[in-house]
4 protein chains.
Amino acid sequence: MPAQEPPADPAPRPPRTGGRTRSQEARSAVLAAAVELLEEIGYQAVTIERIAARAGVAKSTIYRWWKSKAALVLDAYRETVEQRMPDPDTGSTAEDLTVFVAALHSVTERPLRARALRGLMAEAQLDPDFAEPFGAWVQSRRAVVLRVLARGVDRGELPRATDLEALTDQLFGLFWYRLLVGHLPLDPARAPQLVAQLLNSAH
Amino acid sequence: MPAQEPPADPAPRPPRTGGRTRSQEARSAVLAAAVELLEEIGYQAVTIERIAARAGVAKSTIYRWWKSKAALVLDAYRETVEQRMPDPDTGSTAEDLTVFVAALHSVTERPLRARALRGLMAEAQLDPDFAEPFGAWVQSRRAVVLRVLARGVDRGELPRATDLEALTDQLFGLFWYRLLVGHLPLDPARAPQLVAQLLNSAH
Amino acid sequence: MPAQEPPADPAPRPPRTGGRTRSQEARSAVLAAAVELLEEIGYQAVTIERIAARAGVAKSTIYRWWKSKAALVLDAYRETVEQRMPDPDTGSTAEDLTVFVAALHSVTERPLRARALRGLMAEAQLDPDFAEPFGAWVQSRRAVVLRVLARGVDRGELPRATDLEALTDQLFGLFWYRLLVGHLPLDPARAPQLVAQLLNSAH
Amino acid sequence: MPAQEPPADPAPRPPRTGGRTRSQEARSAVLAAAVELLEEIGYQAVTIERIAARAGVAKSTIYRWWKSKAALVLDAYRETVEQRMPDPDTGSTAEDLTVFVAALHSVTERPLRARALRGLMAEAQLDPDFAEPFGAWVQSRRAVVLRVLARGVDRGELPRATDLEALTDQLFGLFWYRLLVGHLPLDPARAPQLVAQLLNSAH
DNA sequence: CTTTAACCGAGACGGTACGTCTGGTCTTAAT
DNA sequence: ATTAAGACCAGACGTACCGTCTCGGTTAAAG
């Protein structure tokens, strides 16, 4: 995950001739409050009202900068919660993937973080406006895996004809399916087997 | 998917000491209204209030028989929307799976049905009470695939050591991931390739 | 002031086949809270939010039965604050009017009541929806004076040609003008002089 | 109404050592916008925010020079709306009053002006800070009538003992009462009768 | 002819209340 | 006993203005 822009309007701010500058304190307080509440009461019990109260910030300030609770939480998640996901390049596709999958599956060791992730995915289903930024975030994660696989193809570890998109979606699909349905655990220790299975399917 | 009981008590109503009997009309009207609304305005815009109004039924009647909107919609989905999913047994694992995957992916050709599915998955994340019946429904679908794979092992088409659970979750994981994120299509015509890839991964 | 209907829809409630009946406790609690707040913090600081909180009642319950703060306060004023205004019939027009005017002007001895009256008049200027019920209440007060004057005409104490409407508005006009502008006191003791002056103007 | 100073502090600003002078354009734009909005959407829908937007002026500029919407509107009213009220001195008390009353009542022929007047009176009830300048303006109008009456006493047209204040308040009271309650019209043509009735009451 | 204080626009800030909405519960009258 | 009707409490929603507070920039009188 690269360094994140401020939530709204990064560059295309047109005239800017005057006006009070945005309060970084308010922004930080909101994001911090969102994370705190997320960990205390869970995604779905979080409300904008509660975030505002906790952050000591007016509701209107939140609405000025974020479209929805989900957008805010996604921001907060990226900025303060998400451990920097690995972007490995060890020379071995299997090893690269194993590192990534292990990191991915280790989220389940942090139940509240897992809950937040599930909440974000849910919100993306219910709120079309949020589906967009959420999709962008998902793509940024897929891109990491796609790069690993592309290098594998270049090195000849994978056949030229491999459907890298499908392979990537297999990787994330299993993760999300188990995360969302919760019928079976996601053990980081089993990452090597999973990766082997995945690479098998490509030749 | 076997025929589903009505959510509560259809037949096993022993202690009939008197009183008005349950109105089957009310039940049908509610389910019908739920389906109609689902197709007209989408899962998330459906509310119990609206269903009650459309069905000409009191809110309390709905709450008496269903725990939540999601439980109701799941019922309605099973009863009136879901085309009977295939439970193939052709003698070939690949063919069995292809039939199933093609049927699965063809949901995307019915956008409103897809939307309902996504809504149900979302709801299961947000409402722990709904996660339970939803999970049971998911298991009933997984069971079909697991049976196909078990027969494949019996016939020697798959190695004894194959992790059938993982294979099953690969199959559903890809489906759900693309359904939920929407970044790539799910084409029933590509079911054969997908199944080949899947079976490859097991050697 | 005659006994007052419940604030909304007295008769034209059509079918009424079932449903929870209106909670008299809620209604009383709301009116009581309104009066209390009126006396504690003044008309304009009273808000529906505060009334709801004080009464232990949901906001929606208030909005169900009253259109606005002003409508509610008018109701509360009529029911629990307004001392029954006299409707005198002593046989003497001068005496009748004196009784009425003294009662009217004595409101200024209760500053919070006076404040409420001023608030109601103000609201009637700003909220056209409230102007209607407020106007009706004003008319009910004017009617008392008009009856007194009509009897005076019948008895021959006032000329047939007297403009009773104008006389009535003189009486109330002076009261409201001083109440609203506050430049001069309204002394009940001076009621006789005022009435004399008023009756003088008619011959 | 004499020409009006800039709303606040004309003289008593001592330590002017430098600084940009007040923009007359901004002041005019604000007053003009206030009047326009007053006529377009009515007193109560006018907000400082809207005035600022319409005038192309910052909110803070308005708050720098006026305490409240009401203060601003009173200013605007005096400066651009109020037709110069007559200050007659014909030698006859009855005629002087008739001129004045006719002018007063003719406001009702300009509904938006009437609406503004009512809004100002309302605001004076709700905002104690505004009650002060509003009261001053009311006094300036009363003073005109008081002078007319005082001349009448000097000429012997009115008894020495006449309560001029009460007579004045009768005159304005009737006007405001009908303006505010709106139950009966105010016809300038009936000014002579009204004045006769008024003078009668003093003997 | 340079300070410098007061002005200007823009617009973000913390607040408050609004009136609406949905959820889930409870009560009543009718069947 | 169960229904339809519908009132009830609870509380979040997103909006509108409020009045205050930076900002960066302008303007004219005082030195």
Side-chain angles (χ1 to χ4, degrees), chain A residues 15-23 25-27 29 45-53 55-65 67-69, chain B residues 13 15-23 25-26 46-50 52-53 55-65 67-69, chain C residues 13 15-27 45-50 52-53 55-65 67-69, chain D residues 13 15-23 25-26 45-53 55-65 67-69:
Chain A
R16 204 65 190 87
T17 58
R20 182 172 177 173
T21 51
R22 180 170 184 192
S23 157
E25 280 145 33
R27 181 169 185 272
V46 172
T47 63
I48 294 211
E49 205 114 324
R50 266 197 257 251
I51 295 173
V57 144
K59 272 203 296 177
S60 51
T61 298
I62 295 184
Y63 282 109
R64 205 184 333 271
W65 298 110
K67 267 190 161 180
S68 64
K69 171 178 92 168
Chain B
R13 181 83 79 76
R16 288 279 279 117
T17 56
R20 181 171 180 176
T21 52
R22 178 170 183 194
S23 159
E25 281 145 34
V46 172
T47 64
I48 295 225
E49 209 113 317
R50 268 197 255 251
V57 143
K59 272 200 300 176
S60 52
T61 301
I62 296 183
Y63 281 111
R64 204 185 329 277
W65 299 111
K67 268 191 155 179
S68 64
K69 171 178 91 167
Chain C
R13 182 79 79 78
R16 203 67 190 91
T17 57
R20 182 173 181 172
T21 50
R22 179 171 185 190
S23 158
Q24 275 309 314
E25 281 144 33
R27 181 169 187 274
V46 173
T47 65
I48 295 212
E49 207 115 323
R50 267 197 258 251
V57 144
K59 272 201 298 176
S60 53
T61 299
I62 296 184
Y63 282 109
R64 204 186 330 275
W65 298 110
K67 268 190 159 179
S68 64
K69 172 178 92 168
Chain D
R13 182 80 76 80
R16 284 284 278 119
T17 56
R20 181 174 179 170
T21 53
R22 180 172 185 191
S23 157
E25 281 146 33
V46 172
T47 64
I48 296 220
E49 208 114 318
R50 267 198 255 251
I51 296 173
V57 144
K59 274 202 297 176
S60 51
T61 300
I62 296 183
Y63 282 110
R64 205 185 331 272
W65 299 110
K67 265 192 158 178
S68 65
K69 171 179 92 166

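Lettering follows sequence order; numbering is per chain, from 1.
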ask   = What nucleotide, of dC7(E), dT3(F), dA12(F), holds the atom closest to the side chain of Arg64(D)?
value = dC7(E)

ask   = Under 4.0 Å between a side-chain N/O of Thr61(C) and OP1 or OP2 of dC9(F), yes or no?
value = yes

note = Ala53(A) meets the side-chain contact (heavy atoms from CB on, under 4.5 Å) criterion, sequence neighbours left out, with none

request  = Answer yes or no: side-chain N or O of Ser60(A) and base N or O of dG15(E) forming a donor-acceptor pair under 3.5 Å.
outcome  = yes

query = Has the side chain of Arg22(C) got a donor or acceptor atom that lies under 3.5 Å from a matching backbone atom of Arg27(C)?
reply = no

note = Here the distance between atom P of dC18(F) and atom CZ of Arg50(D), to the nearest Å, is 9 Å

key: d(NZ, Lys69(A); P, dG14(F)) in whole Å   = 10 Å

ask   = Could you give the angle between the helix axes at the two ends of the helix from dC1(E)-dG31(F) to dT31(E)-dA1(F), with five pairs per end, rounded to 10 degrees?
value = 20°

task = Nearest-nucleotide wise, let me know which of Ala58(C) and Ser68(A) is further upstream toward the 5' end of DNA chain F.
result = Ala58(C)

request  = Provide, to the nearest angstrom, the distance between the CD atom belonging to Glu25(C) and the P atom belonging to dC8(F).
outcome  = 11 Å

remark   = Comparing nearest nucleotides in DNA chain E, the 5'-proximal residue of the pair Ala55(A), Val46(C) is Ala55(A)

query = Between dA4(F), dA29(F), dC8(F), which nucleotide gets closest to the side-chain atoms of Ala26(B)?
reply = dA4(F)

ask   = How long is the line joining CZ of Arg22(A) and P of dG14(E), in whole Å?
value = 11 Å

request  = To the nearest Å, give me how far apart CH2 (Trp65(B)) and P (dA4(F)) are.
outcome  = 12 Å

query = From the list dC18(E), dG23(E), dT28(E), which nucleotide is the closest neighbour of the side chain of Thr47(B)?
reply = dG23(E)

key: Donor-acceptor pair present, Lys59(A) side chain and dG14(E) base, under 3.5 Å   = no

query = How close or far is atom P of dT28(E) from atom CZ of Arg20(C), stated in whole angstroms?
reply = 8 Å

query = Taking only residues two or more places apart in sequence or in another chain, which ones pass side-chain hydrogen bond (donor to acceptor under 3.5 Å, both in side chains) with Glu49(C)?
reply = Lys59(C)

task = Assign each of Lys67(A) and Gly56(B) to its nearest nucleotide of DNA chain F by heavy atoms, then name whichever residue's nucleotide is nearer the 5' end.
result = Gly56(B)

Ile62(A): partners by side-chain contact (heavy atoms from CB on, under 4.5 Å), with sequence neighbours left out = Val30(A), Ile48(A), Ile51(A), Ala52(A), Val57(A), Trp66(A), Leu72(A)

Side chain of Glu49(B) - closest among dG23(E), dC13(F), dA4(F) = dG23(E)

query = Once you round it to whole Å, what is the distance between C1' of dA12(F) and OH of Tyr63(C)?
reply = 15 Å

message = Please report the distance, rounded to the nearest Å, between CD1 in Ile62(B) and P in dG6(F).
response = 16 Å

